[in-house]
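Since the structure comes first, as structure tokens, the remarks are kept for the end.
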Amino acid sequence: MLDVVVIGGGMSGLTAAIHLAGAGLKTAIISRGDPVCCLSTGCIDVLDLGGRPMDGYGALPEGHPYRLVGKRGIEDGLRMLKDIMASSPIPYTGTIRANREILTPIGTFKTTCLVPRTMEASQGCRDEYLHVISFAGLKDFYPSYITSRLPDTGFSLFDAGCSSTLALAARFEEQGFLDEFCSWLSSIEIPPGRVAIPAVLGLKNPVAVMEEISSRIGRTLFEIPTLPPSLPGMRLFRTLKTAFQERGGEVYWGNPISSVEIRGATVEAVTLAASGRPTRVQGRAFILATGSFVSGGLYATRESVREPVFNLAVRVPGARKDWFLHDFFMPGHPIEGAGIEVDASFRPAGSSLENLFVCGSILANSEIMKNRCGHGMALATGLKAARQCERMLV
Amino acid sequence: MSIKTDVIIIGGGATGCGIARDLALRGVAHCLVERGDFASGATGACHGLLHSGGRYAVKDPEAARECITENQILRRIARKCVETTGGLFVRLPGDSKRYRDEFLKSCDDAGIATAVLSPSKALDLVPGLNPSLEEAITVPDCSIDPFRLCMLNTYTSRHRGGSILTHHEVIEVVKEKGVCVGVKARERLTSQVKEIRARIIINATGAWGDRVARMGGAVVPMSLSKGSLVITNHRLTSMVINRLRPPSDGDIIVPNEAVCLAGTTSIPVNDPDILEIDPAEVDIVTTQAEQMVPAFGSTRLIRAYTGVRPLLKASTRGGDGRSISRGFQIIDHENGMYSILGGKLTTYRLMAEKMVDVVMGRFGLKTSCRTAELPLEGQDELSGYPLTKRLASLDSIVCECELVGRSTVEHAINTMGTQYVGDIQHRTRLGMGPCQGGFCTYRALGIMQELGRVSPEVSVSILKEFLQRRFKGIRPALWGDQLREEQLIESIYLGILSMGGRP
């Protein structure tokens with residue numbers, strides 16, 4: 001019998017699970033597969049309604065998950081992540097006191113808050129000459145999108161014989177390839193300034209790879225996040241998963257939940273549809289962290305929105321015709337507010353279940369695109385739900 | 001820059017392209033001017049149904065006869081555009097038996113071959129049909145690829161000295177002493193204006209007919225009605241499925257390549273350029289299609305689209321678009337301009353023939369029409385989209401949904417020399433799958449940059465325009481897995497690439 005079963009292995013689920021395992025509770029994560037985090041830039045967006053992250057806090061509606069967590073809770077979440085990453089090969093840079101910018105593959109600048117060390121030098125890169133390195137045939141990265149947008153830039157192409165970021169990352173983990181790349185890079189003439197490279201510097205030790213290149217060419221280097229699948233997102237996920245396992249956590253990966261057992265006001269167990277033999281996982285408490293639509297935590301039918309695991313009541317923003325605005329580029333489609341409403345203890349509002357907590361992007365009113373609060377909200381609510389759960393169990 | 005020719009055709013839909021081929025075969029110099037790519041109006045926004053005539057048999061026997069004749073001609077001359085699927089008219093519980101009897105008799109009168117099938121026979125042919133059907137009637141319906149049809153018609157023209165200008169919008173009809181003597185056409189991207197002079201101008205612009213006629217100082221009475229359709233992400237039936245009842249909303253499902261198209265609605269509109277699709281239209285079509293093929297309701301829709309029926313205004317009769325004749329009409333504006341209006345995709349060749357007959361009369365020439373005898377040229381060069389061919393260039397896939405490799409994309413870019421990403425999409429099926437270009441359009445534009453076809457500055461605005469247009473088609477049919485995919489696409493462009501505005 002487990003103390004806590006966390007359903008969902010994304011940012012919020014991992015955050016909750018790491019906290020609980022760290023508190024000595026017997027914790028397991030159930031995940032259908034690698035999370036949406038692997039598709040992200042790996043950067044932690046906290047809040048961007050102009051100015052510093054917390055400047056926008058007061059403008060959030062009452063029901064926003066951040067309002068339920070409080071400013072202190074947001075900071076706690078970020079601190080927890082920074083601490084975990086600090087003891088990994090990929091430390092994170094940044095603080096809640098300021099937002100920062102990173103260069104995107106299309107030459108725009110994205111606002112975020114915490115970034116992996118490999119993207120640290122992205123900040124301020126428009127103030128000096130920037131040389132973009134790309135790889136022949138890499139299908140999701142076209143340096144001219146960047147060089148045409150920024151005035152003082154140039155680019156060079158290296159032929160590594162592979163067309164995907166994942167294949168390139170594997171090559172950067174071979175010392176021989178790294179040597180070959182460094183000598184090529186040293187041989188080309190680059191005006192004084194910084195060097196940018198798509199995020200392919202290996203999966204395990206990108207900072208070490210970056211520092212080696214940087215010292216051999218005597219330039220500041222940084223990574224540009226790519227379209228999915230994204231190495232920085234995968235690194236973040238792997239680091240957190242490892243942190244959980246190091247704290248004694250168990251993982252059940254790759255199988256969907258086929259049924260749940262509820263007695264009275266208590267969730268007793270869930271069953272996984274494992275091939276061959278279904279697996280029953282029992283716990284004293286459960287945390288639902290299955291995410292929003294992309295990860296399948298929410299599912300829209302023609303008429304409404306469902307939560308597939310517990311069939312919890314979902315806040316649905318009006319009729320289907322009103323779910324989306326007409327302008328693709330205007331963040332804030334009403335459907336972004338869909339999700340599970342929770343009470344102050346992060347239990348689903350209006351539900352009688354006493355040992356179920358909810359966190360992450362499945363929460364109602366989060367409006368992640370509009371508020372640009374992606375991973376920050378996952379951290380804050382994941383930690384908050386875990387603390388509530390801990391309080392109930394201990 | 002100026003061009004001199006004998007006939008200017010405005011409009012690159014099936015009618016305009018058909019006229020170009022006919023003129024080319026009769027040796028008349030011509031220039032076709034089209035605002036977008038081929039088939040960008042009603043031609044490309046229809047079912048892609050090569051009518052047997054069954055749909056019109058009861059109400060409009062003449063249209064039905066025209067359809068079956070042209071159906072037989074096109075099967076012969078346009079093999080690479082037509083899939084001889086056959087069609088069924090399905091009678092469900094509650095559908096009128098009287099209409100069924102009338103239908104069989106009218107088909108017989110029009111020369112449309114039918115056979116009545118028992119429910120079990122029908123289910124053998126199309127297992128996905130509603131098992132509670134009363135009966136089904138076979139007709140020789142086919143599916144047709146309107147875009148390829150236009151390309152092949154203009155192939156003949158291009159190879160016989162005709163000039164085909166796509167992405168050129170007519171901005172002025174040039175008149176001298178009250179007579180139309182040419183047009184000014186502006187290239188979309190460069191804004192460069194060409195003046196084209198000719199002895200005759202043919203307005204074959206469908207729903208835009210009145211607008212173009214007015215530039216020449218004439219008016220054509222039209223009644224515009226939009227019809228919306230949806231596309232499924234796979235093929236649910238191998239035959240065309242019609243509902244056996246008087247024409248109404250959502251009564252046809254057409255298989256096309258790997259997908260099915262279903263429609264339509266019929267809603268009066270004023271402006272052929274403003275084409276919003278109401279999510280309620282998608283519900284109507286889906287609910288109706290579901291009655292004929294139950295799996296339709298749980299199938300992923302990849303998008304909706306809408307086209308405007310270019311119907312001639314019935315003098316005083318009211319009613320919806322469907323009650324107006326599908327016949328066509330050639331109007332001589334007696335100032336050097338003709339308008340050819342009405343009709344439908346199935347009868348495009350006949351329309352072109354009649355139009356060119358008029359031109360020949362005007363020029364005092366006698367060569368007769370041969371478009372019904374000669375197969376469309378250029379078909380041998382078309383390989384279609386067989387999986388084997390796509391798998392052969394798998395080294396570097398640009399479009400994962402439709403398995404389009406980089407070499408295919410580069411080939412299309414280089415042979416056409418195009419600056420328009422839509423041109424590549426139409427010719428390679430890039431971006432036609434479930435993500436609807438969400439991933440691959442960014443790549444295709446990147447490749448065009450590398451090949452020097454489009455400047456990176458311009459490509460970002462093209463990408464934005466594309467995403468906005470794409471969303472128009474996707475928005476009305478967002479639920480289930482398509483909504484899931486759309487949220488991922490949104491997180492890429494608004495999140496990772498930070499291309500969004502501020503709320």
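Naming convention: chains lettered A, B, ... in sequence-line order (proteins, then strands); numbering from 1 in each chain.
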Inset, instruction - Step by step, work out the side chain to side chain donor-acceptor pair (under 3.5 Å) result for B/Q449 and A/S144. - result: CA-CA 7 Å; B/Q449 289 169 27; A/S144 48; 2.2 Å; yes
Inset, instruction - Measure distances from A/T147 to the heavy atoms of chain B and classify the residue's part below 4.5 Å as side chain, backbone, both or neither. - result: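 No part of A/T147 comes within 4.5 Å of chain B.
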Donor-acceptor under 3.5 Å ([X] side chain, [Y] main chain):
X	Y	value
B/Q468	A/D327	no
A/T108	B/M499	no
B/R484	A/Y299	no

Please flag which part of [X] lies under 4.5 Å from any non-hydrogen atom of chain A: side chain, backbone, both or neither.
X	value
B/K464	both
B/E450	side chain
B/Q482	neither

Legend entry - Audit row: B/Y493, A/F329, ring-ring contact (aromatic ring centres under 6.0 Å, His included) steps and yes/no: CA-CA 8 Å; B/Y493 292 98; A/F329 293 101; 7.7 Å; no
Closest approach of [X] and [Y], non-hydrogen atoms and distance?
X	Y	value
B/L497	A/I106	O-CG2, 3.8 Å
A/M369	B/S491	CE-CA, 3.2 Å
B/P476	A/R320	O-NH2, 3.0 Å
A/Y145	B/G446	OH-N, 3.7 Å
A/V294	B/L488	CG2-N, 3.6 Å
A/G137	B/S396	O-OG, 4.5 Å

Inset, instruction - Could you point out which residue of B/L478, B/L301, B/T287 forms a side-chain contact (heavy atoms from CB on, under 4.5 Å) with A/R302? - result: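 Among B/L478, B/L301, B/T287, the one that satisfies the side-chain contact (heavy atoms from CB on, under 4.5 Å) with A/R302 is B/T287.
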Inset, instruction - Could you tell me whether A/R315 atom CZ has more than 12 heavy atoms of other residues or ligands within 6.0 Å of it? - result: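 Yes - once you tally the heavy atoms of other residues, nucleotides and ligands closer than 6.0 Å, there are more than 12.
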Inset, instruction - Report, as yes or no, whether the 6.0 Å neighbourhood of atom CD on B/E465 holds more than 12 heavy atoms from other residues, nucleotides or ligands. - result: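 12 or below, so no.
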Starting at [atom1] of [X], measure out to [atom2] of [Y] and round the result to the nearest 0.5 Å.
X	Y	atom1	atom2	answer
A/T301	B/L483	OG1	CG	10.5 Å
B/I492	A/L227	CD1	CG	5.0 Å
B/I496	A/S230	CD1	OG	6.5 Å
A/I335	B/W479	CD1	CH2	13.0 Å

Side chains of [X] and [Y] in contact at under 4.5 Å (non-hydrogen atoms):
X	Y	answer
B/Y442	A/P105	yes
B/E457	A/R149	no
A/F328	B/L467	yes

Legend entry - Pick from B/V282, B/I489, B/D481, B/I474 with the largest number of heavy-atom pairs that fall under 4.5 Å of chain A: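 When all of B/V282, B/I489, B/D481, B/I474 are compared, B/D481 has the most.
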Count the heavy-atom pairs under 4.5 Å between each of [options] and chain B, then report the option with the highest count.
options	result
A/D48, A/D45, A/L103	A/D48
A/P228, A/S295, A/P225	A/P228
A/E336, A/E303, A/H333	A/H333
A/K139, A/K321, A/K110	A/K139

Legend entry - Ion pair check, B/R443 and A/D140, cut-off under 4.0 Å: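 Between A/D140 and B/R443 there is a salt bridge, with a charged N closer than 4.0 Å to a carboxylate O.
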